[in-house]
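This report concerns only the one structure given below.
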Amino acid sequence: MQLTDQGYRLNENINPLDLVEKYDAPLYVYDSAIISRQFNKLETAFKVPKLQINYACKALTNINILKLMKQLGAGLDTVSIQEVWLGLKAGFDPRDIMYTPNCVSIEEIEMAVKEGVRINIDNISILEQFGHLHPNVPVCIRVNPHILAGGSYKISTGHIDSKFGISIHQMPHVSRVVEATRLKIEGLHMHTGSDILDAGVFLQGAEILFNVAANFKDLEFVDFGSGFKVAYKPGGNATDIESLGEHLSVRFNEFCKSYGRDLTLIFEPGKFLVSESGYFLAKVNVVKQTIANVFAGIDSGLNHLIRPMFYDAHHEIINISRPEAKPRIYSVVGYICETDTFGDNRKIAEIQEGDILCFLNAGAYCYSMASNYNSRFRPAEVLIHNGQDYLIRQRETMDDIIKNQVEVNLESLQESKV
Ligand SMILES: *Cc1c(COP(=O)(O)O)cnc(C)c1O
């Protein structure tokens with residue numbers, strides 16, 4: 001988003017205030033040009049013979065975003081059978097979908113096998129059952145390299161206490177299971193969590209995976225997961241993709257040489273691809289001066305954007321209705337009936353009731369984590385593509401709130417029991 005002489009503009013001269021006028025608020029808006037930019041950045045950073053980027057779709061699951069990713073040449077990383085079905089519906093080839101579940105039943109894994117997608121297994125119990133059921137279906141193994149990748153503990157997945165992956169120290173046991181069941185291991189995978197601050201940690205994880213890889217003869221790919229960090233504030237920390245690409249490409253190519261053939265290098269970014277593409281627009285209902293603070297209460301809450309309350313995530317907040325106004329200090333809060341804070345002590349251009357606030361980095365883990373808490377409707381979603389705005393999800397209505405509820409006649413039930 002840019003500030004112009006005529007106020008804030010999204011891509012292609014689209015005025016976000018016009019979108020609110022047209023679709024109402026609160027509203028999620030995604031800019032496809034930013035998604036393409038991020039995709040290209042990743043694709044050009046890694047110089048290896050075979051590279052595949054699987055979009056981790058749990059970040060933003062609108063089917064139009066999935067189709068866009070397919071057009072860009074991405075595969076899909078899925079964590080539930082429902083995401084698998086969504087990916088198939090979006091037109092992905094089953095072999096371009098990786099299914100990476102954690103703690104799901106063998107029955108759900110069976111469903112994924114039936115769909116023909118790639119299976120990533122993250123515990124020995126399931127590996128053993130799978131080996132007996134489907135000795136001929138190749139699988140990938142999710143390895144836990146036991147590195148703490150930085151970022152928030154809540155979103156780290158590769159450390160010693162994590163529930164994810166099979167420990168590198170259990171590889172002898174894995175080898176035994178593989179030999180006994182004659183399973184074909186087609187890939188190795190690691191994903192050490194979100195927001196990796198230090199590219200060195202990636203390289204350290206890579207070395208660990210290369211070591212493990214030497215024990216498996218049938219590999220076709222090595223998947224380094226994701227965790228790429230994007231900047232949440234102007235000048236904030238972000239993963240240096242170019243530098244990581246340079247170093248990792250060299251090591252990967254060396255590894256392939258010693259392994260004896262070219263493997264595919266896979267990444268599965270979610271946040272990196274979609275975070276910056278998203279804007280969340282919400283109207284200010286109340287400006288409330290208390291003895292200690294000034295609150296800007298908006299027509300939304302943690303039901304629409306839970307990241308600040310869930311893991312202290314930072315979203316920049318801009319008053320797009322009043323770009324020229326003098327900044328003042330606010331706490332921006334939501335309408336949910338419990339602590340519901342989007343940001344404390346924020347310097348924002350003076351807010352008046354009815355103004356529209358814009359939250360940045362609202363593409364990843366925002367709409368996809370939205371709920372109906374407080375029986376509120378989830379917002380609409382709009383995609384900006386080639387200079388045009390398209391409604392890609394309707395705002396919910398009362399029908400959505402009530403549609404799965406089953407009303408029983410409690411009075412008559414009580415009577416029949418007496
Ligand atoms: C969530 C997830 C990702 C994506 O993580 P980001 O931090 O959004 O890039 C990748 N792989 C797996 C297995 C995941 O669960």
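Each ligand, and each atom within it, is numbered from 1 in the order the structure gives. One is the number of the first residue; the rest follow in order along the sequence. The analysis underlying the following values was restricted to heavy atoms, covering all of them including side chains, and did not include hydrogens, waters or symmetry mates. Owing to the predicted nature of the structure, the values given are computational and were not obtained by experimental measurement.
Per-residue contacts place Asp77 under 4.0 angstrom from the following atoms of ligand 1 (heavy atoms of the residue considered): 11 (N), 12 (C), 13 (C). Within ligand 1, the atoms closer than 4.0 Å to a non-hydrogen atom of Thr100 are 13 (C), numbered from 1 in the order shown. Atoms of ligand 1 lying under 4.0 Å from at least one heavy atom of Lys271, given by number and element, are 6 (P), 8 (O), 9 (O). The Ala56 neighbourhood of ligand 1 comprises atoms 3 (C), 4 (C), 10 (C), with distances under 4.0 Å to a heavy atom of that residue.
A heavy-atom separation below 4.0 Å is not found between Phe164 and ligand 1. Put simply, part of Pro269 is less than 4.0 Å from ligand 1, judged by heavy atoms.
Using a 4.0 Å cut-off between heavy atoms, Glu268 contacts ligand 1 through both its backbone and its side chain. Only the side chain of Tyr365 comes within contact range of ligand 1, with a heavy atom under 4.0 Å; no backbone atom does. Neither the backbone nor the side chain of Ala59 has a heavy atom within less than 4.0 Å of ligand 1.
Between Asp223 and Arg142, none of the side-chain N atoms (NZ, or NE/NH1/NH2) sits under 4.0 Å from a carboxylate O, so this pair counts as no salt bridge.
A ring-centre distance under 6.0 Å is found for Phe267 and Phe228. Ring-centre distance between Tyr279 and Phe359: not below the 6.0 Å cut-off.
Just one of Leu127, Val178, Ile126, Asn120 meets the side chain to side chain contact (heavy atoms under 4.5 Å, CB included) condition when paired with Val139; it is Leu127. When each of Val174, Ile141, Leu188 is checked for a side chain to side chain contact (heavy atoms under 4.5 Å, CB included) with Val212, only Leu188 meets the rule.
Checking only distances, Ser226 does come within under 3.5 Å of ligand 1, N or O to N or O. Below 3.5 Å of separation, one finds an N or O of Lys58 facing an N or O of ligand 1. Distances between N or O atoms of Gly270 and those of ligand 1 include at least one value under 3.5 Å.
Shown here for Ser226 and Glu268, the closest heavy-atom pair between the two residues is CB-O, 3.1 Å.
In this structure, a donor-acceptor pair under 3.5 Å is present between the side chains of Tyr99 and Glu108.
Relative to the six-membered ring of Tyr335, Arg376 meets both conditions, a distance below 6.0 Å and an angle of at most 45° to the axis.
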